Amino acid sequence: MDYSTFFTNRSTTEITADIIGRPLTYTAGSQTMGGYIVEAEAYLGKEDRAAHSYGGHRSLANEGLYRSGGTIYLYAQRQYFFFNVATQAGNEPQGILIRAIEPVWGIEQMLVNRHGKGGVLLTNGPAKMMQAFGIHDLSWNLHSLQASPFTIELDSSHQRPARQIVRSPRIGVNQSEREWADKPLRFYVAGNPYVSRMKKRNWRTDHGWQ
DNA sequence: TCGTGGATGTTCT
DNA sequence: GAACATCCACGAC
């Protein structure tokens, strides 16, 4: 399967659930870094109060959402960067925010990029993950995944099965519009320590994998 | 270990 | 000039 097929043809909610447990990697020079996706959120386009494309809002900054499925949408907030992938056909501005990975590959390099912050602090949040990869600009915004140093493994034989995938409201969305703020559009591996805001008492020794 | 508050820069009104 | 799809240090337990 190719990226444009994977990121279209199904609802964004379904795609988000299906991306949990798949390897995400980023290669810089000869160094590959990454791990298993343990947390992601769906943003459902013009109707979604929490989406950057709410109400059809379109600008240079959020152009990526309007591109076809499989296009990288990078977004900067303050000094932090977020990694999103557009879903659906062009002009249907939906997407997925990858929020956290369980690190597996290139951990040494990610530790350096994170200035020594190890353990769960290495990648348990969207901006931490990007910092671990060493990304400090929007260079890869609007590129297709296909033609980028980012890889999401689509072969399901490499997808790590979770014991349970939990749905919850999205993190950090404005509560003034309850209807959309409360929708369970965040997906994560139950008990995985690298999920953002996961309480230590809820960690599982198997990290939530089967 | 957990919850809170301040720092931070760009975009859009 | 407000509004943020956050992070981390710090203080209370």
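Values reported hereafter were calculated over all heavy atoms of this structure, with side chains retained and with hydrogens, waters and symmetry mates removed. Fair warning: this is a prediction, and the values are worked out from it, not measured in the lab. Order of the sequence lines fixes the chain letters, A, B, ..., with proteins taken first and strands second; residue numbering starts at 1 for each chain.
- Within residues 37-53 of chain A, no residue is approached by DNA chain B to less than 4.0 Å at the level of any non-hydrogen atom.
- Where DNA chain C pairs in unbroken runs of 3 or more (Watson-Crick or G-U, both distances under 3.5 Å), the stems are B:1-7 with C:6-12, B:9-12 with C:1-4.
- Within residues 56-65 of chain A, the residues approaching DNA chain B are A:H57, A:S59, A:A61, by heavy-atom distance under 4.0 Å.
- Not counting sequence neighbours, the partners of A:R178 by the side-chain hydrogen bond (donor to acceptor under 3.5 Å, both in side chains) test are A:Q175.
- Applying the ring pair (Phe, Tyr, Trp, His ring centres under 6.0 Å) rule to pairs touching residues 153-202 of chain A yields nothing, sequence neighbours excluded.
- Residue pairs meeting the side chain to side chain donor-acceptor pair (under 3.5 Å) criterion with at least one member in residues 111-130 of chain A, sequence neighbours excluded, are A:Q109-A:N113, A:R114-A:Q131, A:N124-A:K128.
- Applying the ring pair (Phe, Tyr, Trp, His ring centres under 6.0 Å) criterion to A:H143, with sequence neighbours excluded, gives A:W140.
- Taking A:Y36 as the reference, nothing meets the side-chain hydrogen bond (donor to acceptor under 3.5 Å, both in side chains) condition, with sequence neighbours excluded.
- By the side-chain hydrogen bond (donor to acceptor under 3.5 Å, both in side chains) test, A:W209 pairs with A:E102, sequence neighbours left out.
- To the nearest 0.5 Å, atoms CD (A:Q159) and CG (A:D18) are separated by 5.5 Å.
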### Message
Counting primed atoms plus P, OP1 and OP2 as sugar-phosphate and everything else as base, spell out the protein contacts along nucleotides 6-13 of chain C at 4.0 Å heavy-atom distance: B, S or - for each nucleotide, 5' to 3'.
### Response
BSSS----
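- A distance of 7.0 Å separates CD1 of A:I37 from CD1 of A:I20, quoted to the nearest 0.5 Å.
- Side-chain contact between A:K46 and A:P93: present, with at least one pair of heavy atoms (C-beta onward) separated by less than 4.5 Å.
- Between A:N174 and C:dC4 there is a side-chain polar atom (N or O) within less than 4.0 angstrom of OP1 or OP2.
- At a threshold of 4.5 Å between non-hydrogen side-chain atoms, the residues A:Y54 and A:N62 do not count as touching.
- The side-chain heavy atoms of A:K200 and A:W203, taken from C-beta on, include a pair separated by under 4.5 Å.
- On the nucleic acid side, DNA chain B contacts chain A at distances under 4.0 Å to non-hydrogen atoms, with the end points of that region at B:dT1 to B:dC12.
- One atom, OH of A:Y75, and another, P of C:dA3, lie 14 Å apart when rounded to the nearest Å.
- Interatomic distance, A:F83 CZ to A:N141 CG, rounded to the nearest 0.5 Å: 10.5 Å.
- You'll find the side chain of A:Y3 reaches within 4.5 Å of the side chain of A:T151, heavy atoms only.
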### Message
side-chain hydrogen bond (donor to acceptor under 3.5 Å, both in side chains), that's the test. Do A:T16 and A:R186 meet it? Break it down for me.
### Response
CA-CA 8 Å; A:T16 308; A:R186 171 185 180 231; over 6 Å; no
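- Contacts of A:R204 classified as side-chain hydrogen bond (donor to acceptor under 3.5 Å, both in side chains), with partners at least two apart in sequence or in another chain: A:D206.
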